[in-house]
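Chain letters run A, B, ... following the sequence lines, proteins first and then strands; every chain starts at 1.
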Protein chains: 2
Amino acid sequence: MSLSSESRVNTESNEYRQIVRIAKLYYEEELTQEQIGEQLGLSRVKVNRILQRARKIGVVKITIDAPESDPYDLEHALTIKYKLRDAIVVPDAEEGEALWHALAKGAAEWLVDHLEDGMRVGLGMGRTLSHVPLYFNPPEKINCSFCEVIGGAAETSGGFSNYNVTSQMAELAGGRAEYVYAPSILSSAEACLSFKREPSIADALERARQCDIILQSVGPVNKSALLYVHGYFDEKDLEELRENGAVGDALGRFFDQSGNPFPTRLDDQILGITLADLKKVPWSVVVAGGSSKVPVIKAALQGNLFSVLVTDTKTAEQLLHEG
Amino acid sequence: MSLSSESRVNTESNEYRQIVRIAKLYYEEELTQEQIGEQLGLSRVKVNRILQRARKIGVVKITIDAPESDPYDLEHALTIKYKLRDAIVVPDAEEGEALWHALAKGAAEWLVDHLEDGMRVGLGMGRTLSHVPLYFNPPEKINCSFCEVIGGAAETSGGFSNYNVTSQMAELAGGRAEYVYAPSILSSAEACLSFKREPSIADALERARQCDIILQSVGPVNKSALLYVHGYFDEKDLEELRENGAVGDALGRFFDQSGNPFPTRLDDQILGITLADLKKVPWSVVVAGGSSKVPVIKAALQGNLFSVLVTDTKTAEQLLHEG
DNA sequence: TCACAAAATGAAAAAATGTTCAAGTAGGAA
DNA sequence: TTCCTACTTGAACATTTTTTCATTTTGTGA
């Protein structure tokens, strides 16, 4: 019949008329392709092909109505670009308001939506995470448990103890708290090993590996790193790490630009789950934002260390438009 | 979770956020419902339900882009309202231009698009049909045949003979013509019967019944009717037919308001296919327009005598908006 | 005319989607 | 509390859609 060029169709042509008619019968009248074929004397396969063509050349337009699309678009773009299960973009912090409050709120709300009976939630460390309980407000009691994924029940990190966070979360949810009664970093690999052999601690770590959800932050290779704070690394060590390609850390474990583990001499002294463990968790949530963390987050996401990201608008945009 | 009211969703809610995200993954990223469910931790069925909801509440809008939509809309509306296989709406005739030219052109073009090798096309009678050859212009030779569906190879009707029309069409298409060598109306039922028993005529009628396509017009119960023109009915007869509920005729066979056959004393004297035969033809095309024919066309379509309509804009609108 | 590559076709297979149903669950009234 | 009705859920089933593939058709250049 007519010589059908790839993507342009004469609006006056009979081919076009037919495309429009079939599209209407399918999308407006909701006939099946079979019924349309029968009515018009075409094979079902042909009707199918015409419909594909109709979508391709834009005779049929499918639009998604998303008012206030900005945050949604960012979230959606992030999930696509980094193959995430979910992404939450919170508004940039107001002047004078700390970013970690906004992030903590986003993480807390995300958690309320995803927490179900029987789940175990692992909590990492850091200033942002320590603010999560402030905003965590489940509408009803949930039969779940919260645990630590790194030692340190009795320690404090940046003024906030893991212990407190874990117990607060458990209380707010109406669930149980499970602790790791041990330091996060041991003085030697041997000491660490003997702790790990202790059944109660081994159990605690095993529970941590089997969390349904883990919330954790990531940080750059600088003085905020866990191992620096605890005095196991000095400035020179950090410098060396950076020079050799370490980009950031999560739970005291460093990783490079691609999110691959970057081993350090202290890896065997840390009492906590590894990056490999983290990758296996169904919902591993990284809660982080701020310009300095952009390359770190990017690396972590590229290495699939996390499946959910909670961040702020500005960071989201940097994650999307750079590189 | 949230109490989901039937058709209104809070744009800020997490439910809405989820609907938009899933809609985007499905319609923009073209993931399958299964993949989406996997990624988001939902069952496939649930994703399916959310997508149905997205369409229902209008988050997803499917639009069909039909520039110059007027004729298309009319055609589409006609196919739906009267359950037609196709409808062609030609522009209203210009001042001084006869409607039947426009209709004949529409019918001829429709035929070009649908005529295929091996098909048989039956041609009825009437002024409009007699103009079809003028506009019939197939781009290539088609191995098909044209036949008459009512006697009258040697007669003329309104100045145009069936014979001429059939042979012209066959010639233009490069196919064969098959005639019914007999009058369209006999002087008695007995005479008609003996004609019908004649093998060559019986064959011709059988061929007519097995057409793939039949083009025919319809007319109101007035002096233009075949049986009046041939002198078998007088004005009083017409008057009586009208009073008893006859609305129009096709091929000399009358029908009522619902398109049901309205028997007359002359039915057995007509040498041609019946309305019941007409209904069995895959593509029976009625070519008719004009205010006076609106009730006739409507009746014929309601009785499913035809599956394709060729008419003009004004008539189309009347067919759609009245009754 | 022939031969060849590209495009179109539809039957069958595979995949995706939609529906039903039985079981479970929340919310509300007594 | 108990009972009741309403809704929600996902597995199993049914239907529809899409893809694949072998074949035919069509256009093109020799």
Side-chain angles (χ1 to χ4, degrees), chain A residues 1-9 13-16 18-19 22-57 59-60 62 112-119 138-144 174 282, chain B residues 1-9 13-15 18-19 22-57 59-60 62 112-119 138-144 174:
Chain A
M1 299 282 137
S2 55
L3 44 147
S4 58
S5 82
E6 187 40 32
S7 61
R8 198 141 287 278
V9 183
S13 73
N14 276 308
E15 186 198 358
Y16 186 87
Q18 189 186 47
I19 292 176
I22 289 176
K24 288 199 179 193
L25 288 170
Y26 189 74
Y27 288 106
E28 292 180 356
E29 303 305 322
E30 307 197 331
L31 302 190
T32 66
Q33 299 179 359
E34 178 113 49
Q35 289 171 314
I36 295 170
E38 212 170 301
Q39 188 169 119
L40 272 56
L42 302 170
S43 77
R44 191 163 47 68
V45 177
K46 188 156 194 182
V47 173
N48 182 278
R49 288 185 179 126
I50 291 171
L51 283 169
Q52 296 187 16
R53 190 161 156 70
R55 290 185 291 257
K56 189 165 170 186
I57 66 178
V59 169
V60 171
I62 300 180
V112 166
D113 278 346
H114 289 77
L115 193 54
E116 288 172 19
D117 276 4
M119 279 186 168
E140 60 202 27
K141 199 166 157 12
I142 302 165
N143 180 24
C144 60
Chain B
M1 299 279 140
S2 56
L3 44 146
S4 58
S5 83
E6 190 40 30
S7 61
R8 199 142 283 279
V9 182
S13 72
N14 277 308
E15 185 198 359
Q18 191 186 46
I19 292 175
I22 289 176
K24 287 199 179 195
L25 287 171
Y26 189 73
Y27 288 106
E28 292 180 356
E29 302 306 320
E30 308 197 331
L31 302 190
T32 67
Q33 299 180 359
E34 181 111 51
Q35 290 172 312
I36 295 171
E38 212 170 298
Q39 186 168 121
L40 272 57
L42 302 169
S43 76
R44 189 181 59 74
V45 177
K46 188 156 193 182
V47 173
N48 183 283
R49 286 186 178 125
I50 290 171
L51 283 169
Q52 295 188 16
R53 190 161 158 69
R55 290 187 290 257
K56 189 165 173 185
I57 65 178
V59 169
V60 170
I62 300 180
V112 166
D113 278 347
H114 288 79
L115 192 54
E116 288 172 19
D117 275 5
M119 279 186 168
E140 61 202 28
K141 197 166 152 31
I142 302 166
N143 180 23
C144 60

Check the distance between C:dT9's P and B:Asp117's CG and give it to me in whole angstrom. 14 Å
Are OP1 or OP2 of D:dT18 and a side-chain N or O of A:Gln33 less than 4.0 angstrom apart? yes
hbond_proxy B:Arg49 side chain to C:dT20 base (donor-acceptor, 3.5 Å cutoff): yes
If we check side chain to side chain contact (heavy atoms under 4.5 Å, CB included) with B:Tyr26, which of these qualifies: B:Thr32, B:Asn48, B:Leu31, B:Ile36? B:Ile36
State the pairing partner of D:dA6; accept Watson-Crick or G-U wobble contacts with both distances under 3.5 Å, and report none otherwise. none
How long is the line joining CD of A:Glu116 and C1' of C:dT25, in whole Å? 14 Å
What's the CD-C1' distance between B:Glu34 and C:dA15, to the nearest Å? 10 Å
Pairwise side-chain contact, B:Ile19 with B:Ile57, heavy-atom cut-off 4.5 Å (strictly under): yes
Checking B:Leu25 against B:Val47 for the side chain to side chain contact (heavy atoms under 4.5 Å, CB included) test, could you report, in this order, the C-alpha distance in whole Å, the side-chain angles of both residues, the deciding distance, and whether it holds? CA-CA 11 Å; B:Leu25 287 171; B:Val47 173; over 6 Å; no
Tell me the interatomic distance from B:Leu31, atom CG, to C:dT17, atom P, rounded to whole angstroms. 10 Å
Closest approach of A:Arg44 and A:Glu34, non-hydrogen atoms and distance? CD-OE1, 3.5 Å
Per nearest nucleotide of DNA chain C, the residue lying toward the 5' end, A:Val45 or B:Gln35, is A:Val45
Phosphate oxygens OP1/OP2 of C:dT17: is one of them under 4.0 Å from a side-chain N or O of B:Asn48? no
Taking the side chain as C-beta and beyond, is there a heavy-atom pair between A:Arg55 and B:Tyr27 under 4.5 Å? no
What is the separation between atom CD1 on A:Ile36 and atom C1' on C:dG10, rounded to the nearest whole Å? 17 Å
Is B:Tyr26 near enough to C:dT17 that one of its side-chain N or O atoms lies under 4.0 angstrom from OP1 or OP2? yes
Nearest whole Å is fine: how far is D:dA12 C1' from B:Arg44 CZ? 10 Å
What is the distance, to the nearest angstrom, from the CG atom on B:Leu40 to the P atom on D:dG10? 13 Å
Paired nucleotide for C:dT25 [Watson-Crick or G-U wobble; both distances under 3.5 Å]: none
Measure from the side chain of B:Lys46, starting at C-beta and using heavy atoms only, and say which of D:dT9, D:dT17, C:dT9 lies closest. D:dT9
Report the distance from atom NZ of A:Lys56 to atom C1' of D:dT18, rounded to the nearest whole Å. 15 Å
Kindly label the base of D:dA6 as syn or anti, based on whether its glycosidic torsion lies within 90° of 0. syn
Regarding the side chain of B:Thr32, the nearest nucleotide among C:dT19, D:dT9, C:dA16 is C:dA16
C:dT17 phosphate, OP1 or OP2: any side-chain N/O from B:Gln52 under 4.0 angstrom? no
Where the side chain of A:Arg55 is defined as all heavy atoms beyond and including C-beta, which of D:dT18, C:dA11, D:dT17 is the nearest nucleotide? D:dT18
